[in-house]
Amino acid sequence: MTRCSRRALIRGAALAPLVATADDRSPGRAARYFATHGTYDHRTLAYDLHLAYDPAAGTLDGRAHILAVAERPLHRVELDLARLAVREARVDGTAVRTARRRHKLLLPTPRPIEAGTPFTLEIRYGGRPGPVRTPFGPIGWDRTGDPHDGTMVAAQPLGAPSWFPCNDRPDDKAEYTLRVTVPRGQHVLANGALLDRSTTAATECWTYHHRGPMAPYLAALYTGRFARETWLARDTATGRDVHGHNAFPERLERPARHDLGRQPAMLGAFTGRFGPYPFETYGAVVVDADLDQPVENQTVSVFGRNHVDGRRTWETLVAHELVHQWYGNSVSLRDWRDIWLNEGFATYGEWLWSEHIGEDSADTIARAEWRRLAAGPQSLRIADPGPDRIFDDRVYNRGACTLHALRLTTGDDRFFAMLRGWHRAHRGGSADTAAFVAHAGRSSPAATEPLLHAWLYEKRLPPLPAPA
Ligand SMILES: [Zn+2]
């Protein structure tokens with residue numbers, strides 16, 4: 001997600017129920033942020049979602065088939081699902097009576113499930129989906145201004161339960177299949193590759209598959225009518241072609257094509273810096289709605305119509321969301337407290353793009369941002385900003401300055417090799433700040449640990465090293 005000043009206005013008091021740690025029974029874990037979302041009792045291998053959406057009525061009829069593995073002996077399975085009603089549920093094929101507790105869906109197991117044992121869940125559910133109330137405002141499934149009754153999903157960080165039952169942790173990553181039926185004439189866009197479109201007289205079913213793995217908050221679905229374009233980019237790390245696809249409201253086709261037009265060049269530049277593009281495809285979707293900020297939904301980032309003007313005014317955001325595909329999506333957060341690993345990296349990617357196209361260098365931007373940070377309150381540890389501050393501007397800018405300080409200390413060759421190594425080591429997985437500090441230390445003979453400690457764990461702003 002790109003920074004958002006609205007985030008800074010959230011009052012900490014509203015967050016109190018979400019930072020409780022009583023349900024985090026996982027031994028040895030630090031208290032995590034938003035501990036009422038997700039569980040460590042199981043991990044998910046695959047979601048197979050069959051959805052039928054009626055845009056006229058605004059109703060969703062869903063069947064979720066979930067394959068998961070018990071992480072400890074289970075007598076009941078806990079999922080996150082908001083607003084929508086459950087009509088029927090089965091655990092390992094046996095019908096069970098579910099219970100709801102706020103946004104939790106609880107499924108008793110017909111017999112105890114041993115740790116390490118795979119199991120299946122089938123949940124028939126539905127209703128009128130919509131954004132869920134979170135400390136960051138209403139987030140998740142939403143309708144757009146598309147005259148064909150379009151919908152969108154922008155779920156970061158807590159909105160995934162607005163449209164499917166899930167284990168809503170940023171580090172519970174799985175494979176996804178989405179089969180979505182809409183009235184004929186509507187389009188469906190989702191994560192990964194479009195495998196199939198099948199039509200009846202009145203409906204069309206679109207099937208997408210994304211082997212991911214992907215965190216629930218990055219799963220996305222867009223419906224409505226879109227103009228579309230495809231593009232091809234060269235992955236400079238592997239030499240392979242990456243097939244891209246964009247979608248936008250028909251009336252914004254010209255400016256959107258222009259504003260998104262340098263994504264192939266971005267992908268070429270970033271694969272040179274970060275290593276191979278991690279997924280099978282990439283694209284940008286512009287929805288017919290004003291969004292506070294774009295969101296890096298995996299393989300299909302979403303932008304608002306307000307981010308398109310035909311003059312590339314918001315091109316840094318286009319770069320930002322693409323960088324998240326490596327840092328944030330392929331390498332996920334262990335916990336939301338590690339958010340600087342997403343946002344510091346994506347912000348630094350904006351600066352690298354500026355440098356790449358011959359505008360301000362990353363060093364020039366870093367020094368300007370450092371001066372701004374120095375003039376503001378130094379009251380945040382970006383490695384643990386607090387749940388009410390995960391989208392604070394300082395997480396973004398000081399995070400990016402941290403990477404620049406590391407670059408100046410180690411030199412370009414070691415720095416970019418370190419970034420590539422970080423992605424290679426954790427591709428498809430999750431990682432935390434301590435692992436990054438250790439990785440940077442192994443990648444360089446310079447004393448990077450004291451430098452990173454000062455930038456990440458202390459409130460006082462360290463000096464930027466002298467230019468290389
Ligand atoms: Zn971001």
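All values derive from a computational prediction rather than experimental measurement. When a ligand or atom number is given, it counts from 1 through the structure's own listing order.
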With D146, which residues qualify under side chain to side chain contact (heavy atoms under 4.5 Å, CB included), at least two apart?
T144, H148, R225, D288
Is the closest side-chain heavy-atom distance between W340 and W455 below 4.5 Å?
no
In H324, which N, O or S atom comes closest to the Zn ion (ligand 1)?
NE2
Looking only at N, O or S atoms, find the one in H320 nearest to the Zn ion (ligand 1) and name it.
NE2
Non-hydrogen side-chain atoms of H307 and P294 separated by less than 4.5 Å
yes
The criterion is ring pair (Phe, Tyr, Trp, His ring centres under 6.0 Å); which residues satisfy it with W353, sequence neighbours excluded?
H356
Specify whether an N/O/S atom of E343 falls short of 2.8 Å from the Zn ion (ligand 1).
yes
